[in-house]
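Have a look at the structure below before the remarks.
Below, chains carry the letters A, B, ... as their sequence lines are ordered, and counting in each starts from 1.
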2 protein chains.
Amino acid sequence: MSTKERILDAAERLFAEQGFAGTSTRAITTAADANLAAVNYHFGSKESLIDAVFTRRLEPINRQRLEWLDRLEATGQPSLEEILEAFLAPPLRVHQDPVEGKSLLHVAQMIGHATSRPDSRIKDRLIQQFDTIIERFTAALARQLPELEPAQLLWRFLFLIGSMAHTMAISQDIKRFTRGLCDPHDVEGLIRTMVPYAAAGFRAPVAAGSGHPK
Amino acid sequence: MSTKERILDAAERLFAEQGFAGTSTRAITTAADANLAAVNYHFGSKESLIDAVFTRRLEPINRQRLEWLDRLEATGQPSLEEILEAFLAPPLRVHQDPVEGKSLLHVAQMIGHATSRPDSRIKDRLIQQFDTIIERFTAALARQLPELEPAQLLWRFLFLIGSMAHTMAISQDIKRFTRGLCDPHDVEGLIRTMVPYAAAGFRAPVAAGSGHPK
DNA sequence: GTCTATAGGTGGATAGAC
DNA sequence: GTCTATCCACCTATAGAC
């Protein structure tokens with residue numbers, strides 16, 4: 001494996017475990033069995049390395065989501081459940097993959113670090129990676145739920161993202177939290193749990209006055 | 001205002017904005033207009049300061065949740081919507097309060113920082129603050145939904161926590177994300193949106209095989 | 001591409017005067 | 001309780017040999 005790849009792997013793990021500020025390039029190069037100067041040689045700076053770590057994992061997942069949605073829409077109007085599955089399954093499946101699983105756990109934790117920090121350039125560039133995804137999926141959901149006001153649909157989409165992101169970020173604590181009742185490694189079961197939960201939420205009648213005080 | 005309080009206020013804001021490792025005690029004491037040695041004098045260490053910042057805000061909110069649930073249960077079996085409101089309204093209301101609002105936004109972001117870091121003592125002590133809450137509310141939900149398997153109920157409770165935590169953590173980006181359609185400052189509207197969404201999710205029929213592969 | 005060496009800076013924590 | 005002064009470990013980044 002090349003030095004560049006070893007650095008990406010080590011950085012991914014350490015950034016997830018300790019945050020960006022909490023991880024020194026020294027720690028990364030040591031863990032990667034590379035020289036201290038290698039980060040700057042291969043990536044230019046610590047910040048560019050962070051971007052590279054994100055892009056390597058997110059690009060394939062978001063491509064999969066869009067291809068899945070493309071396939072669904074090519075054969076007519078997809079159901080609400082199908083749209084939700086196209087959104088949830090790609091990240092959750094990678095998340096659980098025995099080979100790549102840890103990598104996406106780490107990325108989920110890194111996203112937690114980045115989104116928790118309100119004003120960082122890291123976060124801005126991260127959000128760009130999701131622009132197309134948000135646009136395509138909200139459009140598909142709106143076609144399936146024409147009665148739902150746009151603001152309500154967006155709120156519910158945010159709730160869905162929160163459920164997914166939170167589940168992934170704390171997956172290693174879920175067993176302890178639930179005293180072993182919930183098994184985060186059973187991803188197909190998790191998908192079959194999350195899709196109906198979210199679908200029912202999206203179909204719920206709007207309470208009087210929600211989000212439209214005037 | 002005492003030096004101790006000024007340090008807590010400054011630390012809360014800076015930890016939220018920049019994470020724990022990204023915030024130096026120097027930055028905190030400068031922002032608090034206090035002496036560099038004051039953090040160690042009043043709190044002993046940076047880590048104990050982090051704990052103090054969390055406890056100051058979380059303790060009253062979790063007390064409010066439990067009192068609300070106590071009142072509900074004193075007058076019979078509360079409805080699913082009432083239980084969810086008792087769980088969601090206290091943090092969301094503080095979150096939006098003109099005086100204390102920023103403080104809880106900061107705590108939400110700090111929770112994001114802490115939960116994103118898998119192995120920290122900070123996270124362990126943070127989780128303890130929620131032990132009673134989780135126990136009492138899952139029990140109340142289970143009484144209201146006796147047909148739902150315990151594992152399914154816990155999954156759905158995790159989804160709810162994710163929706164709430166995520167909404168609070170990114171509240172300052174919601175306007176931008178939704179092109180102004182969703183207004184995170186309309187908390188009563190948000191509560192009236194989130195409660196029916198989650199209630200419908202909790203009541204959704206369980207898909208075949210979810211969470212019980214064997 | 002990889003190494004050593006080092007510059008130049010910031011970190012948490014403390015000692016001891018007031 | 002608050003201050004100054006200081007210790008020393010650690011940080012990112014770069015220069016320059018190989």
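- Looking at B:Arg117 and A:Glu17, no side-chain N of the basic residue comes within less than 4.0 Å of a carboxylate O on the acidic one, giving no salt bridge.
- One axis for each end of the helix from C:dG1-D:dC18 to C:dC18-D:dG1, each built from five base pairs, and the angle between them comes to 0° at 10° resolution.
- For the ring pair (Phe, Tyr, Trp, His ring centres under 6.0 Å) with B:Phe157, the qualifying choice from B:Phe137, B:Phe202, B:Phe87 is B:Phe87, the only one to do so.
- A 4.5 Å side-chain heavy-atom check between B:Phe43 and B:Lys4 finds at least one atom pair inside the cut-off.
- Screening residues 57-68 of chain A for salt bridge (Lys or Arg N to Asp or Glu O under 4.0 Å) gives A:Asp9-A:Arg57, A:Glu12-A:Arg57, A:Glu59-A:Arg63 as the qualifying pairs, with residues at least two apart or on separate chains.
- Following rounding to the nearest Å, B:Arg26 (CZ) and D:dC11 (P) show an atom-to-atom distance of 16 Å.
- Along DNA chain C, the stretch of nucleotides lying under 4.0 Å from any heavy atom of chain A spans, 5' to 3', C:dG1 to C:dT4.
- With respect to A:Leu49, the side chain to side chain contact (heavy atoms under 4.5 Å, CB included) criterion is satisfied by exactly one of A:Ile28, A:Thr25, A:Asn40: A:Ile28.
- Taken residue by residue, residues 34-43 of chain B places heavy atoms nearer than 4.0 Å to DNA chain D at B:Asn35, B:Ala37, B:Tyr41, B:His42.
- Residues passing the side-chain contact (heavy atoms from CB on, under 4.5 Å) test with A:Gln144, sequence neighbours excluded: A:Gln77, A:Leu80, A:Ile83.
- Counting any heavy atom pair closer than 4.0 Å across all strands shown, B:Thr23 reaches sugar-phosphate atoms only and no base atom.
- Judged by closest nucleotide on DNA chain D, B:Arg6 is the one of A:Gly44 and B:Arg6 placed further toward the 5' end.
- By the side-chain contact (heavy atoms from CB on, under 4.5 Å) test, A:Ala31 pairs with A:Ala10, A:Arg13, A:Leu14, sequence neighbours left out.
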